[in-house]
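Here is the structure we will look at, set down as structure tokens.
Residue numbers start at 1 and run along the sequence shown. Computed from a prediction, not measured in an experiment: that's the story for all the values here. First listed ligand is number 1; within each ligand, the first listed atom is number 1. Atom set for the values below is all heavy atoms of this structure, side chains included, hydrogens, waters and symmetry mates excluded.
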Amino acid sequence: MIATKRLSAFAIRTFTLSAVAGWVVLSPLAAQSGRMAAPSRGGMVVSSHYLASEAGDEILRKGGNAVDAAVATAFALAVTLPSAGNVGGGGFLVYHGADGEVTTFNFREKAAIAATERMYLDESGEVRDNSNRIGLLAIGVPGTVAGMWKAHQRLGRLPWEDLLEPAIRLAADGMPSTWAMQNWLRSLPGRVGPLYDATREVFLKNGVGMYEPGEIFRQPDLAETLRRIQRDGHDGFYRGETAKLLADFMAAHGGLITEEDMARYEADELVPIHGTYRGYDIYSMPPPSSGGVGLVEMLNILEGYDLVEIGHNSALYLHLLTESMRRSYADRALHLGDPKFNQDMPIDRLTSKAYADRLRATIDVQSASRSDSAAFNGAFLNQSEETTHYSVVDADGNTVSVTYTLEFGYGSSIVVPGAGFLLNNELGDFNAVPGRTTSRGTIGTPPNLVASEKRPLSSMTPTIVARDGRPVLAIGSPGGRTIINTTLQVVLNVIDHGMTGSQFGRAIESPRIHHQWLPDRTSFEEWGFSPDTRRLYEGMGHRISTRGGQGSAMGIYIDWDTGLRWGAADSRAFDGGARGN
Ligand code: GLY
């Protein structure tokens with residue numbers, strides 16, 4: 001039933017085009033329906049939940065700028081997309097103003113003050129009971145509220161209180177539950193023990209039953225938490241009742257996060273990673289995300305090839321992408337971590353054209369190199385693929401790209417009793433066992449070991465591509481380590497292959513591959529690559545594995561010639577949507 005209702009809502013709200021004096025006129029409402037990109041003349045919001053996109057769009061219509069809408073969308077996603085939207089997690093925001101200003105905000109979670117390098121290990125040096133991923137020790141001090149607050153203080157236009165309004169409404173009045181939510185909720189009755197009591201209370205009907213897709217789902221405790229944030233801003237989360245509820249819960253069950261941890265949390269404004277690619281400027285996130293460095297390193301290598309001539313998703317094209325990925329992911333694992341703990345990361349070198357030239361010279365265009373050869377001695381990381389990305393542009397062309405996460409889908413699955421929000425399990429992104437690196441997935445390299453108040457390394461790659469000082473593409477994706485490669489392939493689809501304007505949806509939808517150095521195999525999305533291509537690619541010495549979908553990219557392409565903004569929500573995200581005005 002709900003699907004029918006949503007379709008008719010789409011039909012009513014979908015843009016209309018009519019030719020007037022040889023020019024295209026858009027109705028004031030623009031919404032994506034199906035896989036086609038949606039055009040708008042004013043602002044645009046694209047996210048993994050159509051109601052969150054509508055929340056951002058509502059703020060744009062009130063006269064808010066892109067940062068205002070990004071803040072509203074973040075809080076709305078915390079209600080509508082509890083698998084990844086959050087106030088209990090963290091992430092990154094990249095901003096490109098219409099005036100040319102570019103900056104980023106780091107609101108990655110931090111380890112507690114009491115955290116130590118060996119806190120996950122038992123006496124024999126093994127990780128105790130998966131404790132770096134499950135339970136209270138896996139939880140980092142949340143960063144999202146601080147990040148949104150800082151970005152708004154610096155660049156917002158509307159009053160902070162207005163930006164929380166849509167999310168509070170969605171939490172208090174309710175929203176239709178969806179099939180995607182129900183998928184996860186099926187596993188919830190199996191989560192037993194006092195850590196999960198509040199989770200079952202929030203997400204199960206009357207604490208026991210399943211919400212059917214379309215049934216109205218309310219989150220009154222979360223609405224109150226959001227009201228405190230609305231009233232007191234940053235301190236409405238990091239001090240007072242919310243901080244106390246969280247810290248008391250931690251103390252009662254053996255967790256580390258205290259009221260002092262909460263009070264000390266601050267987001268950082270950071271200089272973006274900047275690269276160039278075929279005349280475009282690439283702006284993305286610096287460490288503690290590896291996304292920007294990885295993306296720019298791969299683009300620099302690929303700039304040396306004529307990718308149009310080679311052909312989109314041909315075997316040779318996929319081979320060259322793979323070899324670039326292999327080299328970039330090796331550097332990622334060996335060199336990157338929280339900058340406050342790694343002052344000597346060779347970022348300038350890794351993102352330089354000269355270094356890319358040297359790496360390109362090691363690539364054989366006919367056959368695969370091996371990740372375990374002497375050229376690659378190191379390790380790889382395990383990261384969950386549950387995260388979410390959204391993109392925003394306002395009427396002036398100010399553009400925001402945000403990726404944030406709880407790590408696993410629904411994070412730790414632990415809701416703070418009385419506060420109604422899920423906590424992350426982000427500290428699983430640290431290297432848990434110092435010194436132990438194996439080809440099966442354990443990593444022990446130093447830059448990303450656990451430490452007091454340290455942030456774990458991320459792959460999140462919120463990115464803005466610009467030309468002549470103006471943003472033309474906002475893009476990013478969830479997907480753990482695959483994020484950087486998903487973002488890379490969309491950027492290539494736009495810049496090299498011209499999937500722009502009304503064809504922008506193709507840039508988002510095209511099938512993708514992923515290689516992460518180790519293990520030495522390439523995952524192909526199941527649909528969209530021909531058996532002939534796979535055979536030729538394997539003939540070069542690559543190993544292939546197959547997966548359903550890779551990431552879900554949420555992007556906006558800005559065409560400055562026509563003034564149109566094209567928003568496309570990846571169909572890989574079940575509830576995603578683009579909304580514009
Ligand atoms: N937790 C996924 C990431 O930070 O990349």
For ligand 1, which atoms have a heavy atom of [X] less than 4.0 angstrom away?
X: Glu407; result: 1 (N), 2 (C)
X: Ser459; result: 3 (C), 4 (O), 5 (O)
X: Ser458; result: 3 (C), 4 (O), 5 (O)
X: Asp429; result: 1 (N), 2 (C), 3 (C), 4 (O)

Query raised in the report: Where does Arg481 meet ligand 1, judged by heavy-atom distances below 4.0 Å: at the side chain, the backbone, both, or neither?
Result: neither

Query raised in the report: Heavy atom under 4.0 Å from ligand 1: found in Arg108's side chain, backbone, both, or neither?
Result: side chain

**Report entry** Any donor-acceptor N/O pair, Asn448 side chain to Leu457 backbone, under 3.5 Å
**Finding:** yes

Query raised in the report: Would you say the side-chain atoms of Ser391 pair up with the backbone N or O of Met554, donor to acceptor, closer than 3.5 Å?
Result: yes

Query raised in the report: Which residues pass the side chain to side chain donor-acceptor pair (under 3.5 Å) test with Ser328, sequence neighbours left out?
Result: none

Requested in this report: Before signing off on this row, confirm whether Thr405 and ligand 1 have an N or O atom pair separated by under 3.5 Å.
Outcome: no

Query raised in the report: Yes or no on ring pair (Phe, Tyr, Trp, His ring centres under 6.0 Å) for His515 and Tyr329, after CA distance, side-chain angles and deciding distance?
Result: CA-CA 8 Å; His515 190 287; Tyr329 275 72; 8.1 Å; no

Query raised in the report: With a 4.5 Å heavy-atom cut-off, do Ile513 and Glu525 have their side chains touching?
Result: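 Heavy-atom side-chain distance check fails, nothing below 4.5 Å.
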
Query raised in the report: Testing Lys150, Arg108, Arg455 for salt bridge (charged side-chain N to carboxylate O under 4.0 Å, His left out) with Asp268, which one passes?
Result: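 With Asp268 as partner, Lys150, Arg108, Arg455 yield a single salt bridge (charged side-chain N to carboxylate O under 4.0 Å, His left out), made by Arg455.
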
